[in-house]
2 protein chains.
Amino acid sequence: MKLSEFELDVMQIFWEQGPCSASAAHKVISESKKTAYTTVKTIVDRLEEKGAIKRVGNEGRSIVYSAAVKQEAMSQSVLPDFLKRFFGGNSRNLVAHLIDDEKLSEDDIEYLQHYLANKKSKK
Amino acid sequence: MKLSEFELDVMQIFWEQGPCSASAAHKVISESKKTAYTTVKTIVDRLEEKGAIKRVGNEGRSIVYSAAVKQEAMSQSVLPDFLKRFFGGNSRNLVAHLIDDEKLSEDDIEYLQHYLANKKSKK
DNA sequence: CTCAAACTACTACATTTGTAGTTATTTGAT
DNA sequence: ATCAAATAACTACAAATGTAGTAGTTTGAG
């Protein structure tokens with residue numbers, strides 16, 4: 001299943017906040033980007049068509065949808081290409097990049113050190 | 001500058017192998033995917049239009065192009081969205097995912113442990 | 001009960017993307 | 001010098017994507 005960028009942005013809502021309606025999703029999207037309700041609804045429709053979300057009930061007359069695919073699964077399928085396209089397929093480069101980029105807090109670093117140590121001992 | 005997936009695949013060639021012609025790029029692409037020469041040429045034309053590559057000379061009657069943007073710069077600009085869309089914006093999750101995924105060799109792990117240690121000491 | 005607001009389903013349309021054909025031109029081998 | 005092969009430049013087109021309008025339906029407030 002291949003999702004577009006906008007579709008992924010909407011999926012993010014379902015993944016983070018759990019089941020919700022198109023208008024709820026619209027409210028979230030609106031916070032970061034001026035968008036018509038129908039635009040978001042179209043994306044929701046397409047996500048349903050693609051099988052990425054499914055109807056799980058109603059709330060008043062709104063349809064409530066819920067993610068039908070896990071974020072993990074999507075990540076897994078996209079990561080290899082991403083890695084190839086931007087980091088020459090080398091995850092070490094990506095990780096180094098992340099570390100350099102101040103994207104990791106000291107806590108994160110500690111966490112990862114333990115994580116790595118644990119991984120190594122299991123090999 | 002926003003590049004499509006196919007455009008990025010072609011950029012990968014310029015980034016990895018340095019300057020080359022459209023037909024050279026076509027040969028590389030053909031290895032992994034049956035594609036007409038003109039298809040690759042179109043992508044090369046679009047990359048030039050977008051300013052991602054530039055002409056640096058000729059070879060026989062072929063035009064030789066070279067990357068005009070660094071892979072690093074592209075990565076940098078795309079990573080935040082990627083992170084947000086697939087890992088809830090949390091790089092720690094991404095790194096953990098990479099580690100779990102057997103995408104890192106023991107060597108890589110050692111390397112990263114040092115990298116992390118070094119980073120921590122600088123904070 | 002009534003009616004405006006909210007919501008769904010459907011349609012529309014410009015742009016981007018993947019894919020490749022056509023035409024004209026250049027070049028290198030004979 | 002000639003001609004086939006390679007290449008450039010341009011054109012074409014279907015599918016996907018971002019964006020939103022319209023028409024019809026449901027509902028909840030008064």
Side-chain angles (χ1 to χ4, degrees), chain A residues 1-14 19-66 74 77-78 81-82 84-86, chain B residues 1-14 19-66 74 77-78 81-82 84-86:
Chain A
M1 178 179 353
K2 180 131 177 312
L3 303 183
S4 75
E5 293 187 1
F6 199 169
E7 283 165 356
L8 282 167
D9 286 339
V10 173
M11 280 309 287
Q12 195 62 38
I13 299 170
F14 291 105
C20 72
S21 67
S23 40
H26 175 232
K27 281 192 194 75
V28 176
I29 294 287
S30 294
E31 281 165 24
S32 54
K33 183 186 178 192
K34 184 182 151 322
T35 313
Y37 163 75
T38 45
T39 300
V40 175
K41 181 57 164 60
T42 300
I43 298 299
V44 167
D45 288 345
R46 287 179 187 166
L47 283 173
E48 191 189 8
E49 223 176 307
K50 291 186 179 184
I53 60 177
K54 57 175 193 286
R55 297 170 185 227
V56 291
N58 302 280
E59 218 173 66
R61 58 173 310 226
S62 297
I63 300 164
V64 177
Y65 301 86
S66 159
M74 289 298 306
S77 78
V78 173
D81 276 343
F82 180 78
K84 174 143 227 157
R85 295 195 173 107
F86 293 101
Chain B
M1 179 180 350
K2 181 130 177 313
L3 302 184
S4 76
E5 293 187 2
F6 199 170
E7 284 165 356
L8 283 167
D9 286 340
V10 173
M11 280 309 288
Q12 194 62 37
I13 299 170
F14 291 106
C20 70
S21 67
S23 40
H26 174 232
K27 282 192 194 73
V28 176
I29 293 287
S30 294
E31 281 165 24
S32 53
K33 183 186 178 192
K34 184 183 151 319
T35 314
Y37 162 75
T38 45
T39 300
V40 175
K41 181 57 163 61
T42 299
I43 297 299
V44 166
D45 288 344
R46 288 179 187 166
L47 283 172
E48 191 189 8
E49 223 176 307
K50 290 187 180 184
I53 60 177
K54 56 175 195 289
R55 296 169 185 228
V56 291
N58 303 281
E59 216 174 69
R61 57 174 310 229
S62 297
I63 300 163
V64 178
Y65 301 86
S66 158
M74 288 299 304
S77 78
V78 173
D81 276 344
F82 180 77
K84 175 143 227 157
R85 293 194 175 108
F86 293 102

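To find a chain, count down the sequence lines: A is the first, B the second, and so on, and within it residues start at 1. Note that the coordinates shown come from a computational prediction; the quantities given were computed from them, not determined experimentally.
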_Inter-residue atom distance A:M11.CE - B:F86.CZ, 0.5 Å rounding_ = 10.0 Å
*Sub-3.5 Å donor-acceptor pair from the side chain of B:H26 to the main-chain atoms of B:T39, do we have one?*
no
*With nearest nucleotides of DNA chain D determined for A:I43 and A:R61 from heavy-atom distances, which residue corresponds to the more 5′ nucleotide?*
A:I43
*Integer-rounded Å distance: D:dA16 C1' and A:E5 CD*: 13 Å
_I want to check one thing: is the phosphate of D:dT17, taken as OP1 and OP2, less than 4.0 Å away from some side-chain N or O of A:K50?_
yes
*Roughly how many Å is it from NZ in B:K2 to C1' in D:dG18, rounded to a whole number?*
10 Å
*How long is the line joining CE of A:M1 and P of D:dT17, in whole Å?*
13 Å
*asked:* Please give me every residue in residues 29-42 of chain A whose heavy atoms get under 4.0 Å of an atom in DNA chain D, ordered by residue number.
replied: A:K33, A:T35, A:A36, A:T38, A:T39, A:T42
*State, to 0.1 Å, how close A:K50 and A:M1 come at their nearest heavy-atom pair, and which atoms those are.*
O-SD, 3.6 Å
*Between which nucleotides of DNA chain C, read 5' to 3', does contact with chain B run, using atoms under 4.0 Å from its heavy atoms?*
C:dT17 to C:dG28
_Please report the interatomic distance OG(B:S66) to CZ(B:F14), rounded to the nearest 0.5 Å._
8.0 Å
*Could you tell me whether the side chain of B:T35 and the main chain of B:K33 form a donor-acceptor pair under 3.5 Å?*
yes
*Quickly work out the A:I63 CD1 to D:dT27 P distance and round it to whole Å.*
12 Å
*If the plane angle is over 60° it's perpendicular, under 30° parallel, otherwise tilted; pick one for A:F82 and B:F82.*
parallel
*Gap between atom CD of A:E7 and atom OG1 of A:T42 - 0.5 Å precision*: 10.5 Å
*Between D:dT19 atom P and A:E7 atom CD, what is the distance in whole Å?*
12 Å
*List the atom of B:A22, the atom of B:V40, and the distance in Å for their closest heavy-atom pair.*
O-CG1, 4.0 Å
*Measure across A:R85 and B:Q12 and return the closest heavy-atom pair with its distance rounded to 0.1 Å.*
O-OE1, 2.8 Å
*Respond yes when some side-chain nitrogen or oxygen of B:S62 is under 4.0 Å from OP1 or OP2 of D:dA6, and no when none is.*
no
